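These notes concern the structure reproduced below.
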Protein chains: 2
Amino acid sequence: MAYGGKPQPMKGIRQLADHLDISIGTVSRALNGKPDVNEETRKRVLAAAEQLGYVANQSGRSLRQGTTNVIGLMIQSSRETVENSDNFFLTVTGGLQSVFSRHNLDLIMLPCPNDEDPYEYLKRMVARRVVDAMIISETQRIDKRFDLLAKAKIPFAALGRSLSIGQHPWADLDFDGVANCAVDRLVAHGHRRIAISTPASDINLGFVFVEGYRRALERHGIHYDPALVIRAKSSEQGGYQVADELLSLEERPTAVILIYELMAIGLYRRMMEAGIIPGRDIAVVGFREAPRAKFLQPPLTCFRTSLYDLGVELAEILLSAMPAYGHIYPKTRRQTIWSLELIPGESDSFQLATTK
Amino acid sequence: MAYGGKPQPMKGIRQLADHLDISIGTVSRALNGKPDVNEETRKRVLAAAEQLGYVANQSGRSLRQGTTNVIGLMIQSSRETVENSDNFFLTVTGGLQSVFSRHNLDLIMLPCPNDEDPYEYLKRMVARRVVDAMIISETQRIDKRFDLLAKAKIPFAALGRSLSIGQHPWADLDFDGVANCAVDRLVAHGHRRIAISTPASDINLGFVFVEGYRRALERHGIHYDPALVIRAKSSEQGGYQVADELLSLEERPTAVILIYELMAIGLYRRMMEAGIIPGRDIAVVGFREAPRAKFLQPPLTCFRTSLYDLGVELAEILLSAMPAYGHIYPKTRRQTIWSLELIPGESDSFQLATTK
DNA sequence: ACGCGCTCCGTAAACGTTTACGATACTATG
DNA sequence: CATAGTATCGTAAACGTTTACGGAGCGCGT
């Protein structure tokens, strides 16, 4: 007598139970695949849920379970990043999700507003307990967020290294390896005076990049000259500015390594304006591969990698740090340096004539 | 006697209340700025919350209130989009947040996994009641998501038009306006045979784009030839392919309008390979402005707009559709076409000699 | 007949908030 | 002094789940 009426408005598991004339507990067990339920009734419950479009309210569930089945990826959308992130995050996200979805985990991206302090933003998100675990990106050289997450006892992994990172898990592009390879290549072509560009901000990858460059120079017995380290934004304008600064140096370098491929556009233009031809008068090496690198004339020498696979790796690293999944993903390789493959172009392929 | 011990582990408002020797209700009222609380005690509560790092558990709060203070932005991260979205979403997101943050609303991005049906994904997210309102993007020509959201009675706005949109609010780039302007310009330069590129997928913007193009042609008394509408991916490779198809036409067009600026890179290259010089032998007009458009030789004629401000507009449109904010944002202009400004380059500036 | 184990299901407590309601103390007013 | 009004606070219910616990029914061996 309780059922048979018009379809109730479906406000929760209560209505579903009433409709089936079954207790609320049994419905919950049936939906969640618990063992203590007849296969026959489980089928009925699942069918009714499908038909009535019932999906468990997330708030109620996570309040009870203390878990949300959500992983957060924090990004700082609109600072310097927005100029150069390209599809970096979306591609990495694809890899992350391919792993998470296997475990019924949902990934959400948490873009920190540009008028809010990233640390405070993260604190807020963490304290609200809206995610089970966290991935942070664009790590600073000194980054208080690591302490915050550790103290909050929330599992996390970082996309990018940091001095503050300790034993925490991370994955990062091989910035020093790339810088190293670029220097080797340039030195082999006869260059001794090599400039490098790095972001103006405190993002750690810049330091790692320059550090790899410095060590490579030392290995070749070349003096490290801080004047050749140019801080600039990772954009076309930044590249233009780098060229500007290089041109103003009294002892002009014969090669330059850019931390972001897009900068080559501006650099090429400024050099051309000054009558200096990239690939003939100055060697240029970029960083990540991108379509326009192929278009530049001469084509830019740069480095390729699969950001999707980097996402896969990072997801596994994070899961191995989560108690509930630690048994599936071994605790090995919790800190991964992601290598890139050299794509030789023609922007640095000339042999330097011994000048001076 | 109840307090003064060591700092409790701070599990919730309960501990905070105990620590202050105040009732749990008063603490809640104090934190939420309710009137029925002494200013003196409110200060004590706020101070203690700050000191102990208390932030309300989101699950408990939204379970009780039936509201989450979260707006979702759904994106399909890794389909065709990932090739061409550039920083489109991150930039729009910046604008969205600048509005939402004024109302203590948090924006989260919900990237639909590429192996999941977007409709099912959205259904899941909506049913879980994890957001108060929703923004959907990359709208298809026929898009079932509108029905879904309307039936679920969840406020929403769309970034992009659709045939399924009815009276629902949206904001969209002025695709037909751009196509219109491009045709006008090309016709003024003597072109009569004008090709256009459009995405291969069912995303609606392609249809709007071509429709604007078709109407502009008609206005000039030019026959609309379906053979000149080339479907291709919005990437460099897509541009290469467009050029390929144009070259294979018996009656070759003298101008081409691209729906995505990046395609110009591939198109330029393929044209050059065939000995055809863009800006001299064929006119090219691109769509959104991007740094590389300036670098292309000859510079690409394209269109500029502020995606950030588009985000601001879209946020206001959404808020005006939410009951709790409708009184702040008037119900006017719930469907907005976002205009773009022509950036003349040299890729289409030559006057066509009357051939044939 | 009895007890035991097993399968299946209902009951109720608990998760952390917010908020309607009532209680208390104090002030002002007659 | 009695009463009404006001400011402040405590109490408890409610939100929608999950899950520990116990109970009912049944089959089976002794």
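Protein chains get the first letters and strands the later ones, always in sequence-line order, with residue 1 at the start of each. Keep in mind that this is a model prediction, so the values were computed, not measured.
Here the two rings, on His103(B) and Tyr329(B), have centers that are under 6.0 Å apart.
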Filtered N/O pairs between nucleotides 7-9 of chain C and protein, under 3.5 Å:
unit_1 : atom_1 : unit_2   : atom_2 : d
dC9(C) : OP2    : Asn38(A) : N      : 3.0
dC9(C) : OP2    : Thr41(A) : OG1    : 3.1
dC9(C) : N4     : Asp36(A) : OD2    : 3.4

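Here the shortest heavy-atom pairing between Ala48(B) and Leu16(B) reads CB-CD1, 3.9 Å. Scanning all heavy atoms of the two residues, the minimum distance from Met74(A) to Cys112(A) falls at CE-CB, 4.0 Å.
Here the range on DNA chain D touched by chain A, meaning any atom under 4.0 Å from one of its heavy atoms, is dG16(D) to dA20(D).
Between Asp36(B) and Lys34(B) there is no salt bridge, since none of the side-chain N atoms of the basic residue sits less than 4.0 Å from a carboxylate O of the acidic one.
Within the nucleic acid shown, Ser28(A) comes within 4.0 Å of at least one base atom, counting heavy atoms only.
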With a cut-off of 3.5 Å and sequence neighbours excluded, list every side-chain donor-acceptor pair involving residues 22-31 of chain A.
unit_1   : atom_1 : unit_2   : atom_2 : d
Ser23(A) : OG     : Gly25(A) : N      : 3.3
Ser23(A) : OG     : Thr26(A) : N      : 3.3
Ser23(A) : OG     : Thr26(A) : OG1    : 3.3
Thr26(A) : OG1    : Arg29(A) : NH2    : 3.4

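Of the possible polar contacts, one joining the Asn38(B) side chain to the Glu40(B) backbone as a donor-acceptor pair under 3.5 Å is found. For Glu313(B) (side chain) and Ala171(B) (main-chain N/O), no donor-acceptor pair under 3.5 Å exists by modelled atom type. Of the possible donor and acceptor atoms, none in the side chain of Arg334(B) sits under 3.5 Å from a partner among the backbone N and O of Ala157(B).
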